[in-house]
Amino acid sequence: MRSHTYNDTLGSASIMARILNGKALAAEIQRELKDNIANWMSLGHRAPSIRCILVGDDPASHTYVNKKITAARNVGIDAEVIRHDVTISEEMLIAEIEQLNRDSDVDGILVQLPIPENMSERKVCCAVAPEKDVDGFHVTNIGKLCVDMSTLVPATALAVIEMLRRFNIETLGRNAVVVGRSKNVGMPIAMMLHSDNKHENRLGMDATVTICHRYTPKEQLAFFCQNADIIVSATGVPNLIKADMVKPGATVIDVGITRVTDANGKSRLVGDVDYDGVSTVAGAITPVPGGVGPMTVAMLMQNTFQAARSLRDKSLK
């Protein structure tokens with residue numbers, strides 16, 4: 001693994017923050033993964049495989065799934081989409097997931113969210129076998145993460161941690177604020193940031209972590225952020241984090257993504273962070289788009305390869 005030079009500018013305002021280019025880093029990781037999968041297959045193993053279940057015709061979901069399928073095939077993963085109309089019942093969907101759980105030729109299963117409102121997201125996600133849960137949403141995988149066991153980690157959370165590692169951003173003893181408390185993103189990010197690095201999963205960052213969210217009073221959110229060396233925001237609230245809330249030289253990771261329409265009627269994607277303002281204060285910042293999003297896809301591919309290797313090892317026991 002190559003690391004990217006990052007000069008810690010904490011405590012000093014910069015003319016413009018360093019852009020943490022998630023798109024370029026994701027491409028680098030996928031090149032590494034492609035080589036690793038090729039080596040794996042040269043030993044006689046079949047290609048890792050993933051099945052993406054898509055329910056309904058939500059345009060954004062179709063876009064996300066297509067990106068995942070393209071990335072998978074580019075690194076040598078056998079990938080297919082299983083499409084269903086919104087009329088499919090929860091029982092039928094779960095029955096299909098259980099069939100994929102039993103299929104020894106399938107390593108990874110993901111259900112593209114959101115699913116229809118008449119279904120239980122938790123019940124459907126937990127129908128996926130934990131060892132094939134490449135999204136990392138199963139309660140077993142979340143539980144293992146919380147006690148520092150090796151497991152499949154939610155891809156977006158893992159993307160944030162991998163960016164901090166690869167860009168050599170110091171976390172030991174630093175103050176970190178996670179704005180967002182979702183069980184699939186904010187919570188696992190906070191868990192890994194505060195954990196130490198002495199346990200089985202080796203993902204701990206040894207930071208001192210404060211968790212805020214969209215309902216934290218504005219003045220309190222500003223106070224916590226102003227004292228943070230690292231801010232990770234994952235709320236889906238556009239421009240929640242302003243320049244006057246950021247310590248000079250801090251690292252700002254923007255996980256949020258929202259489509260907005262400007263005064264001219266043009267649609268665009270924005271994050272939780274006021275990018276133009278914050279980038280004049282922060283030491284490093286992720287863009288939206290092109291930051292955490294591409295890295296999430298790369299980590300999903302990494303999880304799929306991890307699942308394939310683990311299932312192979314299990315079959316040999």
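Throughout, residue positions are numbered sequentially from 1 according to the sequence presented.
Side-chain atoms of Q30 do not come within 3.5 Å of backbone N or O of V75 as any donor-acceptor pair. Using modelled atom types, one side-chain atom of E170 and one backbone atom of L172 make a donor-acceptor pair closer than 3.5 Å. Side chain of S310 to backbone of A307: no donor-acceptor contact under 3.5 angstrom is found.
Within the structure, every pair that satisfies the side-chain hydrogen bond (donor to acceptor under 3.5 Å, both in side chains) test and touches residues 61-76, not counting sequence neighbours, is listed here: D58-S61, K68-Q112. Residue pairs that meet the side-chain hydrogen bond (donor to acceptor under 3.5 Å, both in side chains) test with at least one member in residues 283-300, sequence neighbours left out, are T156-T296. Sorted by first and then second residue, the ring pair (Phe, Tyr, Trp, His ring centres under 6.0 Å) pairs with a member in residues 244-278 form an empty list; sequence neighbours excluded.
Hydrophobic side-chain contacts under 4.5 Å tie I257 into a cluster, directly or through other members, with L269, V288. Cluster partners of I69, using a side-chain heavy-atom cutoff of under 4.5 Å among ILVMFWY residues and allowing indirect links, are L54, V65, V81.
With rounding to the nearest 0.5 Å, the separation of CG in D135 from CG in N184 is 8.0 Å. F305 CZ to I77 CD1: the interatomic distance, rounded to the nearest 0.5 Å, is 8.5 Å. Here L164 contributes atom CG and T251 contributes atom OG1; the two are 7.5 Å apart, rounded to the nearest 0.5 Å. Between the CD1 atom in I253 and the CD1 atom in I285 there is a gap of 9.0 Å [rounded to 0.5 Å]. One distance of note links OG1 of T210 with CG of N175; it measures 7.0 Å at 0.5 Å rounding. Distance OG1/T171 to CG/D229: 10.5 Å, rounded to 0.5 Å.
Shown here is K242, whose NZ atom has more than 12 heavy atoms of other residues, nucleotides or ligands within 6.0 Å. In the displayed structure, Q99 atom CD is contacted under 6.0 Å by at most 12 heavy atoms of other residues, nucleotides or ligands. Counting non-hydrogen atoms of neighbouring residues, nucleotides and ligands closer than 6.0 angstrom, the CD atom of E219 exceeds 12 such neighbours.
One hydrophobic cluster holds both M205 and L203 under the rule that ILVMFWY side chains link at heavy-atom gaps under 4.5 Å. Hydrophobic clustering (ILVMFWY, side-chain heavy atoms < 4.5 Å, transitive): L152 and M191 are in distinct clusters.
A salt bridge is defined here as a Lys NZ or Arg NE, NH1 or NH2 lying under 4.0 Å from an Asp or Glu carboxylate O, and R166 with E32 meets this definition. The pair D107-K132 fails the salt-bridge criterion, with no side-chain N (NZ, NE, NH1 or NH2) lying under 4.0 Å from an Asp/Glu carboxylate O. Ion pairing of D57 with R83 is absent here, as no side-chain N (NZ or NE/NH1/NH2) approaches a carboxylate O to less than 4.0 Å.
Residues passing the ring pair (Phe, Tyr, Trp, His ring centres under 6.0 Å) test with H45 are W40, sequence neighbours excluded.
R165 forms no cation-pi arrangement with F167, by the criterion of a distance under 6.0 Å to the ring centre and an angle within 45° of the ring axis.
Residues M299 and V153 form no side-chain contact, since every pair of their non-hydrogen atoms from C-beta on lies 4.5 Å or further apart. Inter-residue side-chain proximity for R46 and S49 is flagged as met; some heavy-atom pair is nearer than 4.5 Å.
Side chains of N141 and D133: a donor on one and an acceptor on the other come within 3.5 Å.
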